Amino acid sequence: MGDKGITRARRIVQWMLNMTLAVVWLVVLLAIVVNVGLETISLVRAALSLIGLVVFSWLFLRITRAILNRSYATREVVLSGILALALAALGGASPTGWGFVPLGWLSVAAVGLSRRNAILLGVGTALVTSPIVILAMLSGQDPAGVNEEGSVAGLVVGVLVYNVLLAATLPWANRLWVWIWQLAEQAHVGKEAQSRLAVAEERLRFARDLHDLVGHQLSAIAVKSELAARLAADPDAAAAEMAEVRSLARKALRELREAVRGYRELDLVAELGSVRAVLEAAGVDCRLHLPYRDVPAEVAPVFAWVIREAVTNVLRHSTASVCDITVRFTDEEAILEVRNDGVTPKPIEDLGTGLAGLTERLAAVGGTLTARPNGSGQFTLRAVAPVLAGVPA
């Protein structure tokens, strides 16, 4: 999962947390319509309750934002909890109306706490809100209260079951969503760290190879040069030392070329496996479409360079979620296509000098390179090279 996927997951979790607030508003608005119509609550109390609910909503959103930032908004939780109880008492405390506000508060207040504290907070909320709801219904503030056919015992049991059930389910549903998102974020961070570690290890290996191969010769060149300077009074000895310096320099240059040859002549199969691992570590689904035969040796190294540069551009300049790499060839030509769904807003010429270098490489073997959006939200890089290029006549 890449940065785009993590951002989307965060947005989904935020929606789910705030969905409880939307349910609170829906329940409260329905309760206001019913209670005002039945004249069990005055318009003034309804208006004051709505103003308080707006403030509660602002605090609620700050709490959910803090949750996604891995912090606990203690002040907002305390203030919104007090306000939720006040709104429940002011609005009539119907369990299917204003009495639902404290339960909505609990759904986010318990997120970020330890399991023990979350359970205690849920039990405390149920114990505090149940008497308020029961008293409101017994006093006739709620049209769903005791009637001629009802019983106080039945009312008490119903309220307790209702409050306990919601207090036991709402917080844990939100805690589950946040837990899943945090796991995804941790996995994403781990993949990024793994990719950076692989790059660092490759750099260390390259530096070690260079040191082992040419370090000795360069040190000898430095010593011989100093000795030649001291022997300037003896031209024959100085000339002999400089001849050895020239020999050492040529040997160092030859070994340096041998060291970097493995980096300049890429292996197509190895490069395909490498870029696939890098793309998947970055959250991009890499799909390989390869021929059943090996790509001709005269074009395989060039295609390996094209794939490396194309994937580099996908990671740097696009927001791709899928990348398709297709290789096919006939007796006359070989074709490589790298297609991704993250079209960059930048012009092609702003993507760096890599594509220009690839164009030159392909031109050297008689091939061509094109890179452009295809009009369907995708970006396609296409390299074509003659199969017989570079084969002696």
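This structure is a prediction, so every number in the text was calculated from the model and none was measured.
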Spell out, yes or no, whether [X] and [Y] are grouped together once hydrophobic residues are joined by side-chain heavy atoms under 4.5 Å, including indirect joins.
{"X": "L290", "Y": "V338", "answer": "yes"}
{"X": "V28", "Y": "L26", "answer": "no"}
{"X": "L53", "Y": "V55", "answer": "yes"}
{"X": "L79", "Y": "W58", "answer": "yes"}
{"X": "L29", "Y": "L87", "answer": "yes"}

With rounding to the nearest 0.5 Å, note down the distance linking [atom1] in [X] to [atom2] in [Y].
{"X": "F60", "Y": "T64", "atom1": "CZ", "atom2": "OG1", "value": "6.5 Å"}
{"X": "T326", "Y": "R382", "atom1": "OG1", "atom2": "CZ", "value": "10.5 Å"}
{"X": "L68", "Y": "I63", "atom1": "CG", "atom2": "CD1", "value": "12.5 Å"}
{"X": "R115", "Y": "L120", "atom1": "CZ", "atom2": "CG", "value": "13.0 Å"}
{"X": "E360", "Y": "L369", "atom1": "CD", "atom2": "CG", "value": "11.5 Å"}
{"X": "N340", "Y": "L279", "atom1": "CG", "atom2": "CG", "value": "9.0 Å"}

Considering all heavy atoms of both residues, which atom of [X] and which atom of [Y] are nearest to each other, and what is their separation?
{"X": "V365", "Y": "A385", "value": "CG2-CB, 4.4 Å"}
{"X": "P373", "Y": "F379", "value": "N-CD1, 3.7 Å"}
{"X": "S107", "Y": "N174", "value": "O-ND2, 2.9 Å"}
{"X": "L113", "Y": "R175", "value": "O-NH1, 2.9 Å"}
{"X": "L362", "Y": "A383", "value": "CD1-CB, 3.7 Å"}
{"X": "V314", "Y": "A320", "value": "CG1-CB, 4.0 Å"}

With heavy-atom distances below 4.5 Å as the criterion, would you say the side chains of [X] and [Y] are in contact?
{"X": "W177", "Y": "V111", "value": "no"}
{"X": "P102", "Y": "V128", "value": "no"}
{"X": "F56", "Y": "L21", "value": "yes"}
{"X": "V108", "Y": "T20", "value": "no"}
{"X": "V299", "Y": "L336", "value": "no"}
{"X": "L17", "Y": "V178", "value": "yes"}
{"X": "I325", "Y": "F303", "value": "no"}

request  = Start with the C-alpha distance between L170 and L106, add both sets of side-chain angles, then the distance that settles side-chain contact (heavy atoms from CB on, under 4.5 Å), and finish with yes or no.
outcome  = CA-CA 8 Å; L170 287 176; L106 175 63; over 6 Å; no
Output yes when a side-chain donor or acceptor of [X] lies under 3.5 Å from a complementary backbone atom of [Y], and no otherwise.
{"X": "R287", "Y": "V322", "value": "no"}
{"X": "W105", "Y": "V78", "value": "no"}
{"X": "Y72", "Y": "A109", "value": "yes"}

task = Applying side-chain contact (heavy atoms from CB on, under 4.5 Å), run through W172 and I119 and close with a yes or a no.
result = CA-CA 9 Å; W172 296 99; I119 294 174; 3.6 Å; yes
remark   = Partner of D324 under side chain to side chain donor-acceptor pair (under 3.5 Å), picked from Q378, R339, H289, is H289
task = Report the C-alpha distance between V13 and I180 in whole Å, list the side-chain angles of each, state the deciding distance to 0.1 Å, and finish with yes or no for side-chain contact (heavy atoms from CB on, under 4.5 Å).
result = CA-CA 9 Å; V13 173; I180 293 174; over 6 Å; no
ask   = Does atom CG of N117 have more than 12 heavy-atom neighbours, drawn from other residues, nucleotides or ligands, at distances under 6.0 Å?
value =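 More than 12 within 6.0 Å, yes.
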ask   = Got more than 12 heavy atoms from elsewhere within 6.0 Å of CZ, R116?
value = no
task = Go through V23 and F100 one step at a time and tell me if the side-chain contact (heavy atoms from CB on, under 4.5 Å) criterion holds.
result = CA-CA 9 Å; V23 175; F100 187 75; 3.8 Å; yes
